[in-house]
Amino acid sequence: MMHAPLTLKFLGTGGSFGVPMLACPCAVCASADPRDKRLRTSALITVNDRHLLIDASPDLRAQGIDHGVNRVDAVLFTHDHADHVGGIDDLRAYNLRQHGKLSCYGDARTLAAIRSRFDYIFSSEPALGSRPQLDLCELDGPFTLWKQEITPLQVMHGDQPITGYRLGGLAYITDASSLPDKTIDAVRGVNVLVLNALRHEPHPLHMSLEEAIEMARRIGAKRTYLIHLGHELEHEGTSRVLPEGIELAYDGLTIEA
Ligand SMILES: [Zn+2]
Ligand SMILES: [Zn+2]
Ligand SMILES: [Zn+2]
């Protein structure tokens, strides 16, 4: 099947603390390598001249400025954790610039959490200041935006089911601790797999580096990029020991799928 050319820019590749982590004296947090500076995990997918933001990280404003993100056409949310929704208020800037509401996709739990945690956004009381104007769209199977089919993927984050996305030859999965077989089947052999890996030691909510490598091998993408990286994983040294076809992503890296 032919796919429209699609690019993905990694706006952030860090775990929930980001790297450097506040107040951490470790060597990776002190690293001078720019690839060891990781804002919270988020990405911008461009397809058919439209820009889809994955998650609204607490670093959204800095990410948009650093990478010249002057337009966002829709937001795809993976789940409701603070490191994935904390930047929602900054979406106001795109409403003002684009003179319209922004469609935000997510599962029922994510949208309910957004409505309750950011209740002021959805208040019918008049406000003197600006509020984001969001059109919350609940996921219900594959859908099409600007001629691009988008398939939500169920991903397990501990015992919470969350959402990954497949667009053509690209699969984007963050915050997974495991994947159901049907999701593995749905992404097998993609060109590009984006997958999370937190650190070497196991974690109840996230795959370790070793678990992510094992999962990447099962899926068998041509190329796999690892995201949501903690401060245990120094870029240079970790990259040297990764198998062929699997690499650590870094903030600002742009790939084609
Ligand atoms: Zn996260
Ligand atoms: Zn550290
Ligand atoms: Zn999470």
Side-chain angles (χ1 to χ4, degrees), residues 8 10-45 53-60 62-63 75-88 90 104-114 116-118 139 152-165 171-180 183 193-209 211-212 215 225-238 248-251:
L8 180 145
F10 293 98
L11 300 177
T13 57
S16 64
F17 287 97
V19 183
M21 177 178 168
L22 274 179
C24 180
C26 86
V28 179
C29 287
S31 166
D33 186 336
R35 296 168 303 177
D36 286 324
K37 307 252 180 277
R38 303 174 183 133
L39 297 181
R40 266 62 69 87
T41 287
S42 174
L44 188 75
I45 293 175
L53 179 68
I54 303 189
D55 290 328
S57 99
D59 298 316
L60 188 148
Q63 290 165 329
V75 186
L76 307 178
F77 283 103
T78 61
H79 66 303
D80 64 329
H81 285 166
D83 53 323
H84 300 263
V85 302
I88 278 181
D90 285 322
C104 295
Y105 294 82
D107 63 20
R109 175 181 173 143
T110 302
L111 300 187
I114 289 172
S116 71
R117 265 183 255 157
F118 301 90
L139 294 170
L153 306 165
Q154 196 187 84
V155 169
M156 295 309 296
H157 188 17
D159 58 9
Q160 181 183 346
I162 65 165
T163 308
Y165 292 95
Y172 184 97
I173 292 170
T174 189
D175 289 59
S177 52
S178 66
L179 303 182
T183 294
L193 171 66
V194 177
L195 185 64
N196 59 289
L198 188 65
R199 60 187 191 188
H200 292 288
E201 301 78 51
H203 187 286
L205 297 180
H206 296 275
M207 287 186 207
S208 66
L209 181 65
E211 289 164 338
M215 183 57 74
Y225 295 89
L226 301 176
I227 57 169
H228 211 281
L229 308 165
H231 64 151
E232 293 87 348
L233 300 177
E234 184 255 337
H235 187 93
E236 178 89 37
T238 309
L248 298 188
Y250 54 87
D251 292 20

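Reckoned from all heavy atoms, side chains included, excluding hydrogens, waters and symmetry mates. Just so you know, ligand 1 is whichever comes first in the structure, and atom 1 is the first atom listed for that ligand.
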### Task
Using a cut-off of strictly less than 2.8 Å, determine whether His79 has an N/O/S atom near the Zn ion (ligand 3).
yes

### Query
Any side-chain heavy atom of Met207 sitting closer than 4.5 Å to one from Leu179?
yes

### Task
Kindly indicate, with the supporting measurements, whether the criterion side-chain hydrogen bond (donor to acceptor under 3.5 Å, both in side chains) is fulfilled by Thr13 and Asp251.
CA-CA 6 Å; Thr13 57; Asp251 292 20; 2.6 Å; yes

### Query
Within a reach of under 6.0 Å around OH of Tyr105, are more than 12 heavy atoms found that belong to other residues, nucleotides or ligands?
yes

#### Entry: Residue His81, metal the Zn ion (ligand 1), N/O/S under 2.8 Å
no

### Task
Can you establish whether the number of heavy atoms outside Phe17 located under 6.0 Å from its atom CZ is more than 12?
no

### Query
Ignoring water, what protein N, O or S atoms are under 2.8 Å from the Zn ion (ligand 2)?
Cys24 SG, Cys26 SG, Cys29 SG, His231 ND1

#### Entry: His79 and His157 aromatic ring geometry - parallel, tilted or perpendicular at 30°/60° bounds
perpendicular

### Task
With the Zn ion (ligand 3) at the centre, find the angle made by OD2 from Asp175 and NE2 from His157, to 10°.
90°

### Message
Nearest 10°: the angle subtended at the Zn ion (ligand 1) by His228 NE2 and His84 NE2?
### Response
110°

### Task
For a side chain to side chain contact (heavy atoms under 4.5 Å, CB included) with Ile173, tell me which candidate from Ile227, Leu153, Thr163 qualifies.
Leu153

### Task
Walk me through it: do His81 and Asp175 pass the test side-chain hydrogen bond (donor to acceptor under 3.5 Å, both in side chains)?
CA-CA 10 Å; His81 285 166; Asp175 289 59; 4.5 Å; no

### Query
Which word best sums up how the rings of Tyr225 and Phe10 line up, parallel for under 30°, tilted for 30 to 60°, or perpendicular for over 60°?
tilted

### Task
Specify which N/O/S atom of Asp83 comes nearest to the Zn ion (ligand 1), by atom name.
OD2

